[in-house]
Amino acid sequence: MKVSADVRAMIERRKKGHTLEAPFYASEEIHALDMDVIFRKHWIQVAVEPDVPEAGDYMTVELGNDSILIVRDDDMQIRAFHNVCRHRGARLCSSEKGSLGNIVCPYHSWTYNLNGDLMFAEHMGEQFDKCKHSLKKVHLENLAGLIFICLADTPPADFAVLRASMEPYLLPHGLADCKVAASIDIIEKGNWKLTMENNRECYHCVANHPELTISLYEYGFGYQRSADNEEAMAAFDKTVEERTAQWEAMNLPSKEIDRLADLVSGFRTQRLPLDRSGESQTMDAKVASKKLLGGFQQADLGGLSFWTQPNSWHHFMSDHIVSFSVIPLSAGETLVRTKWLVHKDAKEGIDYNVDNLTAVWRATNDQDRALVEFSQLGVTSSAYEPGPYSPFTEGLVEKFCEWYIGRLEDYANTPDEASVTSHGEKVVSFKR
């Protein structure tokens with residue numbers, strides 16, 4: 001897809017530390033560019049391992065016009081394929097989730113095994129070579145139970161940096177040994193970048209998220225010091241230092257890692273203490289599930305937050321995990337998919353109650369939906385012009401925008417088949 005002169009001009013004049021120009025949020029041309037440059041060429045978090053717990057379990061994911069089939073094979077490996085029959089292109093699986101022994105096209109019954117190999121195709125003649133008509137594979141990475149896919153021929157290689165950094169943080173929570181206790185989809189009437197920008201700051205939290213701020217210290221996500229809050233922030237900083245040392249001594253990595261802007265596969269993580277005894281992100285800050293994750297023996301392990309570019313964030317606690325994945329639907333509509341995970345042996349009604357488990361983020365998601373929709377209305381106004389970010393509370397928003405514009409610049413300025421680099425290392429070759 002070619003980048004128009006108008007879009008190139010907007011990329012070049014983007015003012016650092018400020019919001020993007022209106023067309024980045026409202027233009028269908030830029031939406032198409034985002035799908036091609038961002039969502040078809042980068043690692044996109046789309047699922048969790050417990051979505052397909054048994055051999056033969058599958059789920060489908062829609063990315064623009066592409067439908068992706070994610071399936072667990074007979075060897076318990078998770079694979080991804082384009083959800084397209086190699087005969088005449090029919091959609092193979094139309095349900096969001098299900099279970100199957102083989103993948104059978106509903107049109108002419110071409111049959112594939114769970115490795116994607118074509119096993120049966122009637123009436124094709126003796127010269128027909130089934131080996132040349134296997135399902136088209138999609139790159140898949142399983143990061144400690146978080147499933148990422150990439151539609152590019154050659155995906156960004158620096159996912160290896162992400163894996164090496166994050167596995168020690170995530171693996172102790174045992175996501176692979178969890179189950180999905182609840183999953184809720186929200187359609188926000190706003191651009192996906194507004195959804196991500198809203199997530200990357202807590203400037204708005206105290207005024208808009210009374211349920212979330214029961215347990216969440218907004219100080220941990222950027223705050224301007226003043227005479228009014230100096231004492232409280234100093235106490236918070238001391239708590240972070242003390243608890244980080246305790247958690248690190250328990251082999252629970254907790255210190256901040258911020259690679260949001262300097263990697264193609266950008267990410268950030270930090271484990272922070274929670275307020276009011278600090279057990280979990282619930283309405284009383286106590287655990288929502290009595291069955292703790294992994295091999296944890298205590299509940300007050302804070303909240304491990306993990307953000308990835310371009311489309312996900314996650315909160316790992318001692319008793320449950322909340323995972324968020326964002327998929328653009330159009331310039332003005334975005335799917336936000338939230339999943340709550342508990343230990344696979346936890347029993348509903350005994351160890352946890354779904355309403356209590358989901359209460360904080362059901363409320364918070366609805367509040368964020370409203371904020372994104374207010375923002376979408378504002379950026380389409382003739383009065384809108386890019387405004388300044390707070391250097392104290394919106395630094396991560398700027399890093400998201402810096403990363404995003406950087407990806408468009410790479411695409412616009414790189415010849416076909418040439419390499420895009422990150423710190424001098426080859427990470428991907430774009431084919432357009």
Side-chain angles (χ1 to χ4, degrees), residues 1-46 62-66 68 82 138-139 141 148-162 191-197 200 259-267 307-312 326-332 334 379 386 397-432:
M1 179 178 180
K2 293 184 178 180
V3 180
S4 70
D6 287 344
V7 174
R8 284 178 178 271
M10 285 191 292
I11 292 171
E12 291 172 0
R13 67 172 175 257
R14 192 261 161 164
K15 188 175 181 181
K16 288 189 176 183
H18 286 68
T19 60
L20 302 175
E21 293 187 41
F24 283 111
Y25 304 112
S27 163
E28 289 295 344
E29 176 191 352
I30 293 182
H31 167 71
L33 186 66
D34 286 354
M35 295 307 299
D36 193 46
V37 176
I38 304 296
F39 284 85
R40 287 189 57 84
K41 291 183 169 63
H42 292 81
W43 288 106
I44 306 301
Q45 198 276 326
V46 295
E62 312 302 315
L63 284 178
N65 293 329
D66 290 297
I68 310 304
H82 284 279
V138 172
H139 297 285
E141 290 282 358
F148 294 76
I149 61 172
C150 182
L151 302 184
D153 292 338
T154 304
D158 63 358
F159 193 91
V161 178
L162 168 61
N191 186 268
W192 72 276
K193 293 183 287 294
L194 292 176
T195 299
M196 296 306 299
E197 290 176 29
R200 297 294 158 90
R259 304 296 302 272
L260 283 172
D262 68 322
L263 290 176
V264 173
S265 302
F267 70 96
W307 301 262
T308 72
Q309 309 285 41
N311 83 310
S312 79
V326 170
I327 304 293
L329 301 178
S330 68
T334 301
V379 298
V397 187
E398 168 59 20
K399 287 185 177 182
F400 169 75
C401 290
E402 181 182 347
W403 179 91
Y404 168 74
I405 292 295
R407 304 287 69 75
L408 297 191
E409 285 177 333
D410 283 345
Y411 182 84
N413 297 328
T414 304
D416 290 349
E417 302 295 329
S419 298
V420 176
T421 61
S422 176
H423 292 281
E425 297 177 359
K426 180 178 178 181
V427 294
V428 67
S429 293
F430 284 158
K431 293 182 178 180
R432 303 196 287 277

Legend entry - Counterpart residues, side chain to side chain donor-acceptor pair (under 3.5 Å), relative to Ser27 (two or more places apart): none
Legend entry - Residues that Asp66 engages under side chain to side chain donor-acceptor pair (under 3.5 Å), provided they are two or more places apart: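 Asp66 satisfies side chain to side chain donor-acceptor pair (under 3.5 Å) with Arg40 only.
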Inset, instruction - Please report the shortest heavy-atom distance between His82 and Ile68, naming the atom on each side. - result: ND1-CD1, 3.8 Å
Inset, instruction - Determine the minimum heavy-atom distance between Arg407 and Val37, stating which atoms define it. - result: O-CG1, 3.9 Å
For a 4.5 angstrom cut-off between non-hydrogen side-chain atoms, does [X] reach [Y]?
{"X": "Leu33", "Y": "Val3", "answer": "yes"}
{"X": "Gln45", "Y": "Val326", "answer": "no"}
{"X": "Met10", "Y": "Pro23", "answer": "yes"}
{"X": "Tyr411", "Y": "Ile11", "answer": "no"}

Legend entry - Of Arg14, Arg13, Lys193, the residue whose pairing with Glu21 passes salt bridge (charged side-chain N to carboxylate O under 4.0 Å, His left out): Arg13
Inset, instruction - If the plane angle is over 60° it's perpendicular, under 30° parallel, otherwise tilted; pick one for Phe159 and Trp43. - result: tilted
Legend entry - Test of ring centre spacing under 6.0 Å for Phe39 and Trp192: yes
Legend entry - Sole residue of Tyr404, Trp403, Phe267 in ring pair (Phe, Tyr, Trp, His ring centres under 6.0 Å) with His42: Trp403
